[in-house]
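The structure displayed is predicted, hence computed values, not measured ones. All ligand and atom numbering here is 1-based and tracks the order in the structure.
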Amino acid sequence: MAKLQVAIDLLTTEDALALAAKVAPYVDIIELGTPLIKNMGSGVITAMKNAHPDKLVFADLKTADAGELEADIAFKAGADLVTVMGAAGNATIIGAVKAAKAHGKGVVVDTIGYPDRVKRAREVTDLGVDFVELHAGLDEQWTAGYSIQVLIDEAARAGVPVSVAGGVNLSNVTEVIKAGAQVAVAGAAIYGAEDPAAAAKALREAVDAV
Ligand SMILES: O=C([C@H](O)CO)[C@H](O)[C@H](O)COP(=O)(O)O
């Protein structure tokens, strides 16, 4: 069964906890966005895990160096999954995987900005990561001509465990899952909705219907 991940790109622990309280019944993974962690520090990870011990807490660190050290900080704070940049060297990813094994947790590689996301996804899967995020970041989404279809096509040919992030919403989530993504990541479609709980519920139902 595919998973639904809410990406919380809000800026305070208070707002993140308030959103999570509304949408947690409908999601499998609660992602703390990079801006949120940069603004609030690792304490937001602890606060979220304490509030939702039954959910996977995903710390979107986007680590580019010192993989073992940064991952260790997040795992100690309560994260279940951390991200490392696909553009980082393999040594950084291997370091994060080492920390994950020590804590019984996992690593996700984020391919944001990488020229050939599928190629990198296949390479890093061999390094022991849990899955790879085929990701078009917020800046890329706001670039003229962007379409999530490129990520859907990549998911269909990846051949390794992937998530898709970059404008997932109710109109495309079915295609994302049908393409083979194990996790659909939705940020603005949930936190930007007038009724985030209703938005998360609708996405949950669409994911489960595939
Ligand atoms: O990871 C993200 C981005 O880099 C900012 O932290 C987003 O959470 C991710 O792109 C999903 O958000 P949406 O594209 O708004 O669904």
Side-chain angles (χ1 to χ4, degrees), residues 2-13 15-16 19-20 22-23 26-42 44-45 48 55-64 70 74 79-88 107-114 117 120-121 129-152 154-155 162-177 179 181-204 206-207:
K3 289 186 166 65
L4 177 62
Q5 173 171 331
V6 60
I8 303 183
D9 283 317
L10 304 175
L11 290 181
T12 68
T13 301
D15 286 350
L19 180 75
K22 290 178 190 160
V23 306
Y26 311 110
V27 304
D28 307 288
I29 304 175
I30 299 175
E31 173 190 337
L32 307 174
T34 317
L36 174 64
I37 294 174
K38 285 188 175 175
N39 200 38
M40 301 308 300
S42 62
V44 67
I45 301 172
M48 191 60 75
K55 301 293 173 186
L56 292 171
V57 170
F58 180 115
D60 191 15
L61 300 179
K62 292 193 177 74
T63 291
E70 288 200 4
D80 298 293
L81 294 164
V82 300
T83 56
V84 180
M85 297 302 294
V107 172
V108 177
V109 165
D110 186 337
T111 54
I112 195 169
Y114 203 82
R117 288 181 281 247
R120 190 61 176 145
V129 308
D130 282 39
F131 59 92
V132 177
E133 183 170 301
L134 300 174
H135 188 190
L138 300 179
D139 293 336
E140 184 176 345
Q141 290 178 51
W142 294 333
T143 302
Y146 170 72
S147 165
I148 195 174
Q149 190 60 45
V150 68
L151 301 177
I152 293 170
E154 288 171 4
V162 296
S163 63
V164 165
V168 171
N169 59 37
L170 196 55
S171 73
N172 57 42
V173 71
T174 300
E175 293 312 309
V176 166
I177 300 301
Q182 298 195 343
V183 182
V185 183
I190 294 177
Y191 67 75
E194 201 170 314
D195 183 343
K201 182 171 185 280
L203 284 162
R204 167 90 270 156
V207 167

At less than 4.0 angstrom from any non-hydrogen atom of His135, what atoms of ligand 1 do you find?
1 (O), 2 (C), 3 (C), 4 (O), 9 (C), 10 (O)
If you have a sec, work out which protein heavy atom is nearest atom 16 (O) of ligand 1 and how many Å separate them, to one decimal?
Gly187 N, 2.8 Å
Contact atoms of ligand 1, heavy-atom distance to Glu31 under 4.0 Å
1 (O), 8 (O)
Do Ile148 and Ile152 come close enough that some side-chain heavy atom pair is under 4.5 Å?
yes
For Ser42 and Ala74, indicate whether the former's side chain and the latter's backbone hold a donor-acceptor pair under 3.5 Å.
no
Residue Gly166 vicinity, atoms of ligand 1 by number, heavy atom under 4.0 Å
14 (O)
Tell me which part of Asp110 gets within contact of ligand 1: side chain, backbone, both or neither, using heavy atoms under 4.0 Å.
neither
Between Thr83 and Glu31, does a side-chain contact (heavy atoms from CB on, under 4.5 Å) hold up when you go through it step by step?
CA-CA 10 Å; Thr83 56; Glu31 173 190 337; over 6 Å; no
Taking atom 11 (C) of ligand 1 as the reference point, the nearest protein heavy atom with its distance
Ala7 CB, 3.9 Å
Which of the atoms of ligand 1 are close to Asp9, meaning less than 4.0 Å from one of its heavy atoms?
2 (C), 5 (C), 6 (O), 7 (C), 8 (O)
Which residue is it: Asn39, Asp60, Asp9? I am looking for the one with a side chain to side chain donor-acceptor pair (under 3.5 Å) to Thr34.
Asp60
Hey, does Leu151 have a side-chain heavy atom less than 4.5 Å from the side chain of Tyr146?
yes
Under 3.5 Å, N or O to N or O, is Leu138 touching ligand 1 that way?
no
Is there side-chain contact between Val150 and Arg117, with heavy atoms separated by less than 4.5 Å?
yes
Which atoms from ligand 1 have a heavy atom of Gln141 less than 4.0 Å away?
10 (O), 14 (O)
In the protein, which heavy atom is nearest to atom 4 (O) of ligand 1, and how far is it?
Lys62 NZ, 2.8 Å
So, is Glu133 polar-close to ligand 1, with some N/O to N/O distance under 3.5 Å?
no
Heavy-atom closest pair (Ala2 atom, Val207 atom, distance to 0.1 Å) is O-CG1, 3.7 Å
Report yes if the side chains of Thr111 and Glu154 come closer than 4.5 Å at any heavy-atom pair, otherwise no.
no
contact_flag Ala186 ligand 1 heavy-atom lt 4.0 Å
yes
I'd like to check which ligand 1 atoms, numbered from 1 as shown, lie under 4.0 Å from a non-hydrogen atom of Pro35.
6 (O)
Looking only at N/O atoms, are Ala189 and ligand 1 under 3.5 Å apart anywhere?
no
Name the one of Val176, Val109, Leu134, Val108 that satisfies side chain to side chain contact (heavy atoms under 4.5 Å, CB included) with Val162?
Leu134
Provide the closest heavy-atom pair for Ala199 versus Ala189 in the form atom of the first, atom of the second, distance.
CB-O, 3.5 Å
Per-atom filter on ligand 1: closer than 4.0 angstrom to a heavy atom of Ala188 are 13 (P), 15 (O), 16 (O)
